[in-house]
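Residue numbering restarts at 1 for every chain, and letters A, B, ... go by the order of the sequence lines.
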There are 2 protein chains.
Amino acid sequence: MTKAKPTLATFVSQARGNAGLTLRAVEKETGISNAYLSQLEHGKIQTPAPQNLHKLASLYRVPYEILMQLAGHPIPRPSSDPPPQSVAARIGSVTRDEEDALVEYLQFLRQRKKGR
Amino acid sequence: MTKAKPTLATFVSQARGNAGLTLRAVEKETGISNAYLSQLEHGKIQTPAPQNLHKLASLYRVPYEILMQLAGHPIPRPSSDPPPQSVAARIGSVTRDEEDALVEYLQFLRQRKKGR
DNA sequence: CAGGTCTGCTAAGAATACTTAGCATGACCA
DNA sequence: TGGTCATGCTAAGTATTCTTAGCAGACCTG
């Protein structure tokens, strides 16, 4: 019952194994050097670029989101973001129309400041 | 009425303007150095880390996805092809770790669908 | 003016993603 | 045996993100 969470390294390594591809085959397909792929599968890379994760995801046919998550990258969610602290304090909770008006006002302030 | 397609630099710069924040205020909130923010707003940074884009997105109250897109990072396709059938076809031979990851992914999908 | 603070900017350095070059092992074949 | 290839790995170098340190101008206040 080991629910050991997979690391990015092990996940990518096993995914390649399942696909039955060699490092150099992956290199040929993705343009990512086999040396780098080896390092990646040995956990020596902390945060690979999303671009590369995407290439590997489509090649291995695994969800891109999972690689992103395992890499520690924030995943773009359709759900809205929580209210930001400092800005929230500045503008409080407002309707969308009020927010638009406030944005205009802030732009005006900034513009005037620049004019000086 | 010509809506010029914004670069990441201009977008982030204007977003900060709209929020009425200084570079150092953003630094204080996000932990990203003001020097780097300045470079970012002048187009001297090509692909900022998603982690940093996420911080800026929530602070400026702009969609994270937009920043990702402007930065050239691949974004997960909304719901067009959530479960890759190639993996499903292979499920009989996946490892336990991969199975766990798949379960996580399905939970993520359900939650997202529920979210909005 | 003199001194202080706030703003944005840049030069230089540190950290690290990623590549190039090449080594070691093993399989296959004459 | 000897040769050639395929495979994975590592050392060293390059490129780029991100930080630290500090400068220059604008705005105050005395």
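- Proximity of Tyr60(B) to Asn18(B): side-chain heavy atoms (C-beta onward) are nowhere separated by under 4.5 Å.
- Between Leu70(B) and Val12(B) there is no side-chain heavy-atom pair separated by less than 4.5 Å.
- Between atom CG of residue Leu8(B) and atom CD of residue Gln46(B) there is a gap of 11.5 Å, rounded to the nearest 0.5 Å.
- Summary of the strand contacts: Asn52(A) and Ala25(B) both lie near DNA chain C, and taking for each the nucleotide with the nearest heavy atom, the more 5' one is attributed to Ala25(B).
- Pairing each heavy atom of Pro48(B) with each of Ala71(B), the nearest pair is CD-CB, 4.1 Å.
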Pairwise N/O distances under 3.5 Å, protein to nucleotides 24-26 of chain C:
none

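- Of all the residues in residues 27-38 of chain A, Asn34(A), Ala35(A), Ser38(A) reach under 4.0 Å from DNA chain D with at least one non-hydrogen atom.
- Taking Thr22(A) as the reference, nothing meets the side-chain hydrogen bond (donor to acceptor under 3.5 Å, both in side chains) condition, with sequence neighbours excluded.
- In this structure, Ile32(A) and Leu56(A) have side chains that are in contact, with non-hydrogen atoms separated by less than 4.5 Å.
- No side-chain donor-acceptor contact under 3.5 Å links His73(A) to the backbone of Thr47(A).
- Side chains of Glu41(A) and Leu23(A) form a contact here, defined as non-hydrogen atoms less than 4.5 Å apart.
- Mapping Arg24(B) and Lys44(B) onto DNA chain D via the closest heavy atom, the residue that lands nearer the 5' end is Lys44(B).
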Atom pairs, N/O to N/O, protein against nucleotides 12-16 of chain D, distance under 3.5 Å?
none

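- Rounded to whole Å, atom C1' of dC18(D) lies 15 Å from atom CG of Leu23(B).
- Summarising the geometry, the separation between CD on Glu41(B) and P on dT10(C) is reported as 12 Å, rounded to the nearest angstrom.
- Side-chain N/O atoms of Arg16(A) include none lying less than 4.0 angstrom from OP1 or OP2 on dT7(D).
- Summarising the geometry, the separation between CD on Gln51(B) and P on dT19(D) is reported as 12 Å, rounded to the nearest angstrom.
- For Leu40(B) and dT10(C), the CG to C1' distance is 16 Å, given to the nearest whole Å.
- With rounding to the nearest 0.5 angstrom, the CD1 atom of Ile75(A) is 6.5 Å from the CD atom of Glu65(A).
- Applying the side-chain hydrogen bond (donor to acceptor under 3.5 Å, both in side chains) definition to pairs two or more places apart or across chains, those involving residues 28-39 of chain A are Glu27(A)-Asn34(A).
- Sorted by first and then second residue, the ring pair (Phe, Tyr, Trp, His ring centres under 6.0 Å) pairs involving residues 39-59 of chain A (not counting sequence neighbours) are His54(A)-Tyr64(A).
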